[in-house]
Amino acid sequence: MKIVEVEAIPFAIPYRKPLRFASGEVHVADHVLVRVRTDDGVVGVAEAPPRPYTYGETQASIVAVVDKLFAPELLGLSLLEREVVHARMNRTVGNPAAKAAVDMAIWDALGRTLGVSVSQLLGGFTDRMRVSHMVGFASDAEMVTETERVRDTYGISVFKVKVGRRPVELDVGACRALREALGPDVELYVDGNRGWTPSEAARALRAMADLDLTLSEELCPADDVLGRRWLTAQTSVPTVADESATTPGEVTRELLGGAATAISIKTARSGFTTSQRILHQCEGLGVEVVMGNQIDGQVGTACTVAFGAAHRSSSRRAGELSNFLDMSDDLLTEPLEISGGELVVRPGPGIGVEIDPDKLARYRQD
Ligand code: MUC
Ligand code: MG
């Protein structure tokens, strides 16, 4: 079970349709595949999606930090020494997606070594999650058409609508058009990616008070400390902290500061190990969680559903598991399939995915 190699392989797969949101846009999945090999010949994999506009990481920075800083520190450690792995990686600040991918590739290798599913190792609560789909910026008509197509094709009935544009009326109009087109049976919630000021957010939420929004995520920046507290205190829609709450310490700060009432957990930035700490922290505090999406490919989505389904509290809400559908291709031998609005955890050891060597050869950038 000793780690003998840690690889960071950059790859790029174009999106058929870009995702646009208040802090950025994605046209190409320029991610990094992390592979951890052991002396038994087992290989664990995970995917790091760089989000420079959220965490400052790039594809090149992820490759560099894994190759130059993490890999030399991890060689020779056992897959069971994950606390040591984290202590060593945490000598480097930041780099959440790089650390998360190393963590999850180690868990995948552990599951494969033991011949068991990582989802069962983590908790084994259920084998599936309901799926929530993120809807990016477009005209009202395009957003409605996309949402209806996703509902009709995959049975998805939960949608996270990107907001945070200026003027706020653009987003209020889009959310209203979606509610009118989709009717009352569909769940809608919003994510501002820090696009609004607290007063803009308060105004928008008042204007959407009749739309039955179930969550409002990261409407304004974490540095708007008093403004976020003011906003959260006056709205009846639960406030989700996403990019402001990526570590247990940040989760404490956002919740105790009154800036959030729920937490988005993303395995793409906190792996399995730290995500489980955050989940248990939220359970102890009586705070709801939602399994978020860092615009993951299929490897990343397999990780999110493995984690989300593993625990009662992370599987209650629909998980954000569907944006890989907009990619033109992916790396797996067998693609993930969403049907009836659900995604099932891959059976089989580890996270249950196999990388197609031909696809990796086609898309790798090194
Ligand atoms: C989200 O929930 O914010 C957009 C940027 C990012 O890092 O994640 C996505 C989705
Ligand atoms: Mg978000």
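Numbers for residues simply follow the sequence, beginning at 1. As the structure lists them, so they are numbered: ligands from 1, and atoms in each ligand from 1. Everything numeric in this text was worked out from a predicted model, so none of it was measured.
- In terms of polar-atom proximity, defined here as any N/O pair under 3.5 Å, Asp191 does make such a contact with ligand 1.
- Salt-bridge annotation for Glu354 and Arg346: absent, with no side-chain N of the basic residue lying under 4.0 Å from a carboxylate O of the acidic one.
- Near Gln294, with a cut-off below 4.0 Å to any heavy atom, the atoms of ligand 1 are 7 (O), 8 (O).
- Ligand 1 has at least one atom lying under 4.0 Å from a heavy atom of Lys266.
- Ligand-side atoms of ligand 1 in range of Ile295: 4 (C), 9 (C), range being under 4.0 angstrom from any heavy atom.
- No donor-acceptor distance shorter than 3.5 angstrom exists from the side chain of Arg112 to the backbone of Gly44, with no hydrogens or angles considered.
- In summary, the atoms of ligand 1 found under 4.0 Å from a heavy atom of Met134, numbered by their order in the structure, are 10 (C).
- For ligand 1, the polar-atom distance check against Asp242 finds a nitrogen or oxygen pair separated by under 3.5 Å.
- Looking only at protein heavy atoms, the nearest one to atom 5 (C) of ligand 1 is Phe21 CE1, 3.5 Å.
- Sorted by first then second residue, the side chain to side chain donor-acceptor pair (under 3.5 Å) pairs that include residues 243-254, not counting sequence neighbours, are Asn193-Glu243, Arg194-Glu243, Glu218-Ser244, Arg228-Ser244, Arg228-Glu254, Thr246-Glu250, Thr252-Gln281.
- In summary, Arg16 and Asp326 do not engage in a salt bridge, as defined by a charged side-chain N under 4.0 Å from a carboxylate O.
- Here the heavy atom of the protein found nearest to atom 2 (O) of ligand 1 is Lys160 NZ, 2.7 Å.
- Between Tyr15 and Phe324, a ring centre-to-centre spacing not shorter than 6.0 Å is recorded.
- Nearest to atom 6 (C) of ligand 1 among the protein's heavy atoms is Thr54 OG1, 3.8 Å.
- Taking the six-membered ring where the residue is Trp, Phe307 and Phe272 present parallel rings, their angle staying beneath 30° rather than reaching 60°.
- The pair Glu200-Arg166 meets the salt-bridge criterion, with a side-chain N (NZ, NE, NH1 or NH2) lying under 4.0 Å from an Asp/Glu carboxylate O.
- Of the candidates Asn293, Asn323, Asp296, it is Asn293 that places a heavy atom closest to atom 9 (C) of ligand 1.
- If you run side-chain contact (heavy atoms from CB on, under 4.5 Å) between Gln294 and each of Arg269, His31, Glu320, only Arg269 comes through.
- Residue Lys162 places a heavy atom less than 4.0 Å from ligand 1.
- Under the 4.0 Å criterion applied to side-chain N and carboxylate O atoms, Asp330 and Lys359 are not assigned as salt-bridge partners.
- Note on the Mg ion (ligand 2): protein N, O or S atoms under 2.8 Å away count 3, no waters included.
- Residue-to-ligand polar distances place Glu217 within reach of ligand 1: an N/O pair is separated by less than 3.5 Å.
- For the residue pair Trp230 and Ser199, no side-chain donor N or O sits within less than 3.5 Å of a side-chain acceptor on the partner.
- Listed for the Asp30 side chain is no donor-acceptor partner under 3.5 Å among the backbone atoms of Ile13.
- Listed for the Asp40 side chain is no donor-acceptor partner under 3.5 Å among the backbone atoms of Val42.
- Close approach to Arg51 involves these atoms of ligand 1, each under 4.0 Å from a residue heavy atom: 7 (O).
- Polar contact with ligand 1: absent for Tyr55 (N/O pair, distance under 3.5 Å).
- Nearest non-hydrogen protein atom to atom 3 (O) of ligand 1 is Asn193 ND2, 2.8 Å.
- Of all the heavy atoms in Pro349 and Gly111, the pair that sits closest is CB-O, 3.7 Å.
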